[in-house]
Engineer: 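Before anything else, here's the structure in question.
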Amino acid sequence: MQVEIRKADLQDLDALKIIEDTCFPEAEAATLESLSERLQLFPESFLVVEVEGVLVGFVNGAVIDEPIIRDAHYHDAALHNPDGAYQSVFGLDVSPNHRRQGIAEKLLTALIDAARQAGRKGLTLCCKEEKIPYYEKFGLVNSGKSSSTHGNAVWYDMILHFEEKRIEKMDLKIILASQSPRRSELLSLSTKDFAVQVADIDEKAIEERILAEAGQEKFLDTATELVETLAREKASVIHHENREAMVIGSDTVVVLDEKILGKPVDEADAYAMLRALAGKTHSVLTGVSILWGEKEETFASETKVSFFDWDDRMEAEVKAYVASGKPMDKAGAYGIQEEAALWVSGIEGDYNTIVGFPVALVDKAIHRLLTEAQTEK
Ligand SMILES: Cc1cn([C@H]2C[C@H](O)[C@@H](COP(=O)(O)OP(=O)(O)OP(=O)(O)O)O2)c(=O)[nH]c1=O
């Protein structure tokens with residue numbers, strides 16, 4: 001028996017309505033308009049099942065903010081929130097001649113998996129008393145009688161809370177291989193539980209090698225390879241000494257007119273860099289490498305930054321900024337989080353990539369690795 005689950009589309013509407021009417025009494029069955037509205041509103045959580053190419057069942061539900069479905073959720077489309085916390089189940093239908101073949105189970109499991117993947121906190125539905133044991137098999141827990149009077153029946157709230165997979169809950173050692181206080185601050189938005197160990201590598205030698213080996217590819221590709229390699233090298237040094245830990249390395253460079261601007265070597269160099277950046281658009285590239293056991297996630301993020309034209313006021317500000325010593329530990333000789341903010345006319349991309357750590361991408365990569373490890377267990 002060939003069973004296939006896929007997302008529903010509007011062409012399925014008539015078949016869906018026929019199945020809905022065979023599964024529910026008239027007072028409880030969703031109308032054609034309602035099914036059509038749901039299809040358009042939350043296609044991500046409207047799944048159908050086909051057996052040998054014939055549509056025989058479906059499951060659907062809005063994504064809502066609270067763990068319990070209220071009657072208003074069925075009628076008020078505006079209560080669907082694509083970023084909401086709970087996947088609800090408005091209906092689970094299988095046509096009568098395809099029951100007792102595990103098809104409803106497959107549908108519900110697919111919706112639970114999709115909700116987990118989407119990072120929801122859980123899944124919630126209302127059912128009649130006799131269906132409680134059925135849903136308990138999926139881990140849903142009876143929270144008592146529902147306030148719903150849908151179809152004048154008595155309903156029960158059933159809720160499945162997904163396990164918290166935040167990093168804090170895991171027995172995991174994370175090490176940030178960086179001396180940069182800004183990287184620590186940004187990583188702490190994703191997890192509070194990490195150590196810092198500084199990796200000492202010969203950045204200049206790696207840069208010279210990669211630039212010397214560069215072929216005909218675009219300069220930005222070479223620069224991307226450079227920040228990824230430096231990030232991986234930093235992580236690798238620390239990972240070598242801490243085999244069980246998840247180690248994160250990172251590196252940032254500024255790319256202007258096919259030239260790489262790293263940290264300035266002295267005040268004159270810092271001044272020259274800032275003078276060259278004025279009136280132009282450059283790229284800030286930050287590479288990140290996460291090493292954990294045999295696993296690796298290495299990537300780079302690019303943000304374009306434009307500076308206002310050079311004028312007398314900027315000249316005075318740049319001189320004072322250089323004299324303060326602040327440019328010396330920063331790629332391109334500036335920190336957008338400091339006085340240099342006054343010279344920036346616009347950015348295109350992620351702000352934190354400029355500050356040296358694209359924390360949103362890092363957070364996602366960490367959780368991808370954790371999910372991967374859990375499914376392998
Ligand atoms: C462009 C720019 C860079 N920077 C910083 C980010 C990085 O810390 C620094 C680039 O130097 P990196 O060599 O990438 O990093 P680092 O030496 O500070 O730390 P480690 O190698 O130990 O990880 O420039 C800002 O803080 N703001 C900015 O606007």
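Indexing begins at 1, ligand by ligand and atom by atom, following the structure's order.
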Engineer: Below 4.0 Å from any atom of ligand 1, is there a heavy atom belonging to Glu203?
Structural biologist: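 It does; at least one heavy atom falls under 4.0 Å.
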
Engineer: Can you confirm whether Ile69 sits close enough to Trp155 that some side-chain heavy atom of one is under 4.5 Å from a side-chain heavy atom of the other?
Structural biologist: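 Contact flag for Ile69/Trp155 side chains = no.
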
Engineer: I'd like to know whether ligand 1 has Gly332 as a neighbour, heavy-atom separation below 4.0 Å.
Structural biologist: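 No.
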
Engineer: Identify the closest protein heavy atom to atom 6 (C) of ligand 1: which residue and atom is it, and at what distance?
Structural biologist: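 Nearest neighbour among protein heavy atoms for atom 6 (C) of ligand 1, to 0.1 Å: Val355 O, 3.2 Å.
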
Engineer: Only heavy atoms of Gly335, strictly under 4.0 Å: list the atoms of ligand 1 that pass.
Structural biologist: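 Near Gly335, meaning under 4.0 Å from one of its heavy atoms, ligand 1 has 27 (N), 28 (C), 29 (O).
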
Engineer: Ile366 versus Trp292: any side-chain heavy-atom pair under 4.5 Å?
Structural biologist: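 No, their side chains stay 4.5 Å or more apart.
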
Engineer: Is there a side-chain contact between Tyr135 and Val89 (heavy atoms, below 4.5 Å)?
Structural biologist: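 No, their side chains stay 4.5 Å or more apart.
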
Engineer: Please list, in number order, the atoms of ligand 1 under 4.0 Å from a heavy atom of Ile354.
Structural biologist: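 Ligand 1 atoms under the 4.0 Å threshold to Ile354: 1 (C), 2 (C), 3 (C), 4 (N), 25 (C), 27 (N), 28 (C), 29 (O).
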
Engineer: Are Arg116 and Phe162 in a cation-pi setup, meaning NZ or CZ lies under 6.0 angstrom from the ring centre and within 45 degrees of the ring axis?
Structural biologist: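 Here Arg116 passes the 6.0 Å and 45° test against Phe162.
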
Engineer: Relative to the heavy atoms of Asp251, which atoms of ligand 1 are at a distance of less than 4.0 Å?
Structural biologist: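 Near Asp251, meaning under 4.0 Å from one of its heavy atoms, ligand 1 has 12 (P), 13 (O), 14 (O).
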
Engineer: Specify side chain, backbone, both or neither for Val253, according to which of its non-hydrogen atoms lie closer than 4.0 Å to ligand 1.
Structural biologist: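 Within the 4.0 Å criterion, Val253 makes no contact with ligand 1.
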
Engineer: Only heavy atoms count here, so choose which of Ile248, Thr353, Ile336 is nearest to atom 29 (O) of ligand 1.
Structural biologist: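 Looking at heavy atoms only, Ile336 sits closest to atom 29 (O) of ligand 1.
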
Engineer: Examine Ala331 against ligand 1 and note whether any of their N/O atoms are separated by less than 3.5 Å.
Structural biologist: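 Checking ligand 1 against Ala331, an N or O pair does fall under 3.5 Å apart.
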
Engineer: Judged by modelled atom types alone, do Gln40 and Ser36 share a side-chain donor-acceptor pair under 3.5 Å?
Structural biologist: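 The answer is yes; a qualifying pair exists.
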
Engineer: Do Lys330 and Gln337 have side chains that approach each other closer than 4.5 Å (heavy atoms only, starting at C-beta)?
Structural biologist: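 Touching, per the 4.5 Å side-chain cut-off.
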
Engineer: Look at atom 16 (P) of ligand 1 and say which protein heavy atom is nearest, naming residue and atom and giving the distance to 0.1 Å.
Structural biologist: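 For atom 16 (P) of ligand 1, the nearest protein heavy atom comes out as Lys263 NZ, 3.5 Å.
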
Engineer: Residue-level breakdown please: for Arg182 versus ligand 1, do any non-hydrogen atoms fall below 4.0 Å on the side chain, on the backbone, on both, or on neither?
Structural biologist: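 Under 4.0 Å from ligand 1, Arg182 contributes side-chain atoms alone.
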
Engineer: List ligand 1 atoms under 4.0 Å from Gln337, heavy atoms only on the residue side.
Structural biologist: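 Once the distances to Gln337 are compared, the set is 25 (C), 26 (O), 27 (N), 28 (C), 29 (O).
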
Engineer: With His80 as reference, evaluate Phe42, Phe46, Tyr86, Tyr74 under the ring-ring contact (aromatic ring centres under 6.0 Å, His included) test and give the passing residue.
Structural biologist: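 When Phe42, Phe46, Tyr86, Tyr74 are each tested with His80, the ring-ring contact (aromatic ring centres under 6.0 Å, His included) holds only for Phe42.
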
Engineer: Where do Phe90 and His73 land on the ring-ring contact (aromatic ring centres under 6.0 Å, His included) test, with the steps shown first?
Structural biologist: CA-CA 9 Å; Phe90 287 175; His73 286 121; 7.5 Å; no

Engineer: Provide the number and element of each atom of ligand 1 under 4.0 Å from a heavy atom of Ser250.
Structural biologist: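 So the atoms of ligand 1 that pass are 23 (O).
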
Engineer: Suppose we measure from atom 22 (O) of ligand 1 to each protein heavy atom; which comes out shortest, and what is that distance?
Structural biologist: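 Looking only at protein heavy atoms, the one closest to atom 22 (O) of ligand 1 is Gln179 N, 2.7 Å.
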
Engineer: Find out whether Ile174 and Asp193 are in side-chain contact, i.e. whether some heavy atom of one side chain is under 4.5 Å from a heavy atom of the other.
Structural biologist: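 No - every pair of side-chain heavy atoms lies 4.5 Å or more apart.
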
Engineer: Enumerate the atoms of ligand 1 whose separation from the nearest heavy atom of Arg183 is less than 4.0 angstrom.
Structural biologist: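 Contacts of ligand 1 toward Arg183, numbered from 1: 7 (C), 12 (P), 14 (O), 15 (O), 16 (P), 19 (O), 20 (P), 23 (O).
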
Engineer: Is there a side-chain contact between Glu338 and Tyr321, using heavy atoms and a 4.5 Å cut-off?
Structural biologist: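 Counting from C-beta outward, Glu338 and Tyr321 do come under 4.5 Å.
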
Engineer: Would you say Lys234 has any N or O atom under 3.5 Å from an N or O of ligand 1, going by distance alone?
Structural biologist: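 So ligand 1 has an N or O lying under 3.5 Å from an N or O of Lys234.
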
Engineer: In ligand 1, which numbered atoms sit nearer than 4.0 Å to a non-hydrogen atom of Asp329?
Structural biologist: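 Result: 9 (C), 24 (O).
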
Engineer: Regarding Lys204 and Glu207, does a basic nitrogen lie under 4.0 Å from an acidic carboxylate oxygen?
Structural biologist: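 Looking at Lys204 and Glu207, the cut-off is met.
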
Engineer: Just which atoms of ligand 1 are under 4.0 Å from any heavy atom in Ser180?
Structural biologist: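 That gives atoms 8 (O), 18 (O), 19 (O) of ligand 1.
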
